[in-house]
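Below is one structure, written out as structure tokens, with a few remarks after it.
Note that this is a predicted model, so its numbers are computed, not measured. One is the number of the first residue; the rest follow in order along the sequence.
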Amino acid sequence: MRGVEDDPLPKRMKVSSGKIGGLSDGISVGEQGSCSLSGSMASGDDKVVGSNGLISKVEFVRIITEALYSLGYSKIGKHLEEESGIPLHSNLVATFIQQILDGQWDESVTTLHQIDLIDESIIKTASFMILERKFFELLYGEKEVDALNTLRTQIMPRNVNLDRAKELSYLMVCQPHISLDNSHSQESGLSSRKKFLGELQKLLPPTVVIPEYRLVRLVEQALDFQRDGCRLHNSVGEMSLLVDHQCGLDQIPCQTVQILEEHSAEVLFLKFSHNGRYLASSSRDSHVIIWVVNADGHVIMRHRLTGHGQPVSYVSWSPEDDQILTCGEDKTVRRWDIDSGECLCVYGKQNLSLLSCEWAADGKHIFTGVTDKSICTWDLEGKEVGSWQGKTTYRMENLGITTDGKELIIHCKDDGVVLFGWETYSQRSIEENQKITSFALSEDGKLLLLNLCNGDLHLYNIDGCLHCIGEYKGNKRSHLVVRSCLGGLKQAFVASGSENSQVHIWHRHSVELICSLSGHTGAVNCVSWNPANHHMLASASDDRTIRIWGFKQVNS
């Protein structure tokens, strides 16, 4: 068999034009024609379309044509090419595509060299892929001699991807016993070649071959831009192409849908489980309540956990949401089972008190802050298995852990926090010019939200280099510990309690205050956004109630 290397390659030609037809799955083939890509229909004032004069008419028509072929409207696509005089592909590209689909491998390599491709590496890579495809079709077609000849005379002499070429040599010997990857199926029919052509076209520049589904991607980008610019967007679903996108307050949980009144004193803390099925709340009445979120969004009490002798100020959910840790003013940490409501273990140290608690990422250990300014690690049975002490443990009322479990977040001083690598003893620090009263992590562990004593909130990116990415103002705080959270679709919102009895919600990216929710009659100490239901927010208040916020009811 003669290979393309047996004959000198013809002189490379610039892209010409042609009338192109297409296949229903988006792979386009062509009929010969003589139209230029910058044909008469795109001359003078017709070169651009759109009110801003930014859209090339030729490019616009070509991507519409490609979209029609991709959607299976081949006849309409062909008619558009004929009527507009703007072909989807040049004659050479159309010929190249048809040669690939017909399995004319040597001819397609020759045509590839005639297309005006400036980047020589594209030509080399594409030629190698074509000849490799030829090799596999011959090999699986039981034409071992022709496959070997292709390998020796066409693939190896090119000195492209030699490691892969050696693998092909090995396959000549072991082919009956080797299971190849899906990119080279034994099927040599049209559907397999279409798939191969799709991979091949990804190498070619978009001026030569319009990327598949290009118009769809442009429309998706436009919708993404509108959605990202909508400060109230908070739902997953279809967006209309017929009108510009704009959400209303009905997407934000700003209406009280339920009031929970089971606590007999100020509610200090609450937190939804990771799966959103449960809500845990703690109070100055020394009790912790486990609530169940029903499928209809209604919240009911499941367990009242008693055992702490003092107010409970913090709750931490296990990674599997089957247990919780609680701690408070009685200076002990307790571990509870969610199903039974049973206290499984009480953690404490002789002559010392535990101030804070957090689960390790593996769910098999816990961390606690101790009054001697140390951090202790415990197994689930209550045995201390590790301890660290130093300047990083200046304050222990707040303790958090990143999602990967590698860094503890600790108050190092009133106006700073440290991200402490508990395995490597590495330290990264954030310092503010105001006292930090509390902090909260985003679901993905990449963002850290700080509450400051003046009421402001600062949001930091802690994934890599530490830097502040948002400042949120308008909150009221004088002496209480007020806790905040991130939530909503893609964590697009920042919510916080306030001493003025309101819940404030900001748009995370624009830092604009969206709304302030009224209803509580006492300071709002803590808020939690349901991670599984973007339309459910909970708030805890000194008025001894928990409010569940949901959709604002709008009459039809």
Just by distance, with hydrogens left out, do [X] and [Y] show a side-chain donor and acceptor under 3.5 Å apart?
{"X": "Ser235", "Y": "Gln251", "result": "yes"}
{"X": "Asp285", "Y": "His263", "result": "yes"}
{"X": "Glu220", "Y": "Tyr213", "result": "no"}
{"X": "Thr545", "Y": "Glu261", "result": "no"}
{"X": "Glu499", "Y": "Ser478", "result": "yes"}
{"X": "His287", "Y": "Thr306", "result": "no"}

Subject >> Side-chain ion pair, Lys446 and Asp404, N-O less than 4.0 Å >> reply: no
Original post:
Should the pair Glu212-Lys202 be classified as a salt bridge under the 4.0 Å nitrogen-to-oxygen rule?
Top reply: no
Parallel, tilted or perpendicular: ring planes of [X] versus [Y], cut at 30 and 60 degrees:
{"X": "Tyr347", "Y": "Trp378", "value": "perpendicular"}
{"X": "Phe551", "Y": "His535", "value": "tilted"}
{"X": "Trp422", "Y": "Phe367", "value": "perpendicular"}

Indicate yes or no: at least one non-hydrogen side-chain atom of [X] is less than 4.5 angstrom from one of [Y].
{"X": "Pro253", "Y": "Asn234", "result": "yes"}
{"X": "Ile462", "Y": "Leu447", "result": "no"}
{"X": "Ser282", "Y": "Thr326", "result": "no"}
{"X": "Ile410", "Y": "Leu399", "result": "yes"}
{"X": "Asn525", "Y": "Val267", "result": "no"}
{"X": "His504", "Y": "Leu513", "result": "yes"}
{"X": "His509", "Y": "Asp228", "result": "no"}
{"X": "His233", "Y": "Leu489", "result": "yes"}

Subject >> Stepwise side-chain contact (heavy atoms from CB on, under 4.5 Å) test for Asn451 and Ser496 >> reply: CA-CA 9 Å; Asn451 279 66; Ser496 178; 3.8 Å; yes
Locate the shortest heavy-atom distance separating [X] from [Y]; write the atom from each residue and the value.
{"X": "Gly455", "Y": "Asn475", "value": "O-CB, 3.0 Å"}
{"X": "Gln310", "Y": "Asp330", "value": "CB-N, 3.3 Å"}
{"X": "His365", "Y": "Leu380", "value": "N-CD2, 4.3 Å"}
{"X": "Pro211", "Y": "Pro206", "value": "CD-CB, 3.8 Å"}
{"X": "Thr256", "Y": "Arg547", "value": "OG1-NH1, 3.0 Å"}
{"X": "Val511", "Y": "Gly470", "value": "CG1-CA, 4.1 Å"}

How many angstroms lie between atom [atom1] of [X] and atom [atom2] of [Y], to the nearest 0.5 angstrom?
{"X": "Cys230", "Y": "Phe225", "atom1": "SG", "atom2": "CZ", "result": "12.0 Å"}
{"X": "Gln323", "Y": "Trp359", "atom1": "CD", "atom2": "CH2", "result": "4.0 Å"}
{"X": "Asn461", "Y": "Leu466", "atom1": "CG", "atom2": "CG", "result": "8.0 Å"}
{"X": "Ile338", "Y": "Ser340", "atom1": "CD1", "atom2": "OG", "result": "8.5 Å"}
{"X": "Gln221", "Y": "Gln226", "atom1": "CD", "atom2": "CD", "result": "12.5 Å"}
{"X": "His274", "Y": "Thr403", "atom1": "NE2", "atom2": "OG1", "result": "8.0 Å"}

Quick check on [X]: does its [atom1] atom have over 12 non-hydrogen neighbours (other residues, nucleotides or ligands) under 6.0 Å away?
{"X": "Lys349", "atom1": "NZ", "answer": "yes"}
{"X": "Lys490", "atom1": "NZ", "answer": "no"}
{"X": "Arg277", "atom1": "CZ", "answer": "no"}
{"X": "Gln258", "atom1": "CD", "answer": "yes"}

Subject >> Steps toward salt bridge (charged side-chain N to carboxylate O under 4.0 Å, His left out) verdict (Glu66, Arg214) >> reply: CA-CA 8 Å; Glu66 190 281 328; Arg214 176 59 180 165; over 6 Å; no
**OP:** I would like to know whether Ile252 and Cys515 meet side-chain contact (heavy atoms from CB on, under 4.5 Å); could you show each step before the answer?
**Re:** CA-CA 9 Å; Ile252 306 301; Cys515 57; 4.2 Å; yes
Subject >> salt bridge (Lys or Arg N to Asp or Glu O under 4.0 Å) pairs, two or more places apart, involving residues 503-530 >> reply: Arg231-Glu512
Strictly distance-based, threshold 3.5 Å: is any side-chain N or O of [X] a donor or acceptor partner for the main-chain N or O of [Y]?
{"X": "Ser318", "Y": "Asp321", "value": "yes"}
{"X": "Ser353", "Y": "Thr371", "value": "no"}
{"X": "Ser498", "Y": "Lys476", "value": "yes"}
{"X": "Ser541", "Y": "Ala523", "value": "yes"}
{"X": "His245", "Y": "Asp224", "value": "no"}
{"X": "His467", "Y": "Cys465", "value": "yes"}
{"X": "Thr125", "Y": "Ser121", "value": "yes"}
{"X": "Ser273", "Y": "Tyr278", "value": "yes"}
{"X": "Asn294", "Y": "Asp296", "value": "no"}

Subject >> Identified side chain to side chain donor-acceptor pair (under 3.5 Å) counterpart of Tyr314 within the set Arg483, Glu358, Lys271 >> reply: Glu358
**OP:** Quick one: do Val288 and Ile324 satisfy side-chain contact (heavy atoms from CB on, under 4.5 Å)? Show the steps, please.
**Re:** CA-CA 10 Å; Val288 175; Ile324 60 169; 4.0 Å; yes
**OP:** Run through Leu537, Val527, Leu232, Val494 and flag the one making a side-chain contact (heavy atoms from CB on, under 4.5 Å) with Ile505.
**Re:** Leu537
Subject >> Check against side-chain contact (heavy atoms from CB on, under 4.5 Å), Ile290 and Trp336 >> reply: CA-CA 10 Å; Ile290 304 298; Trp336 309 81; over 6 Å; no
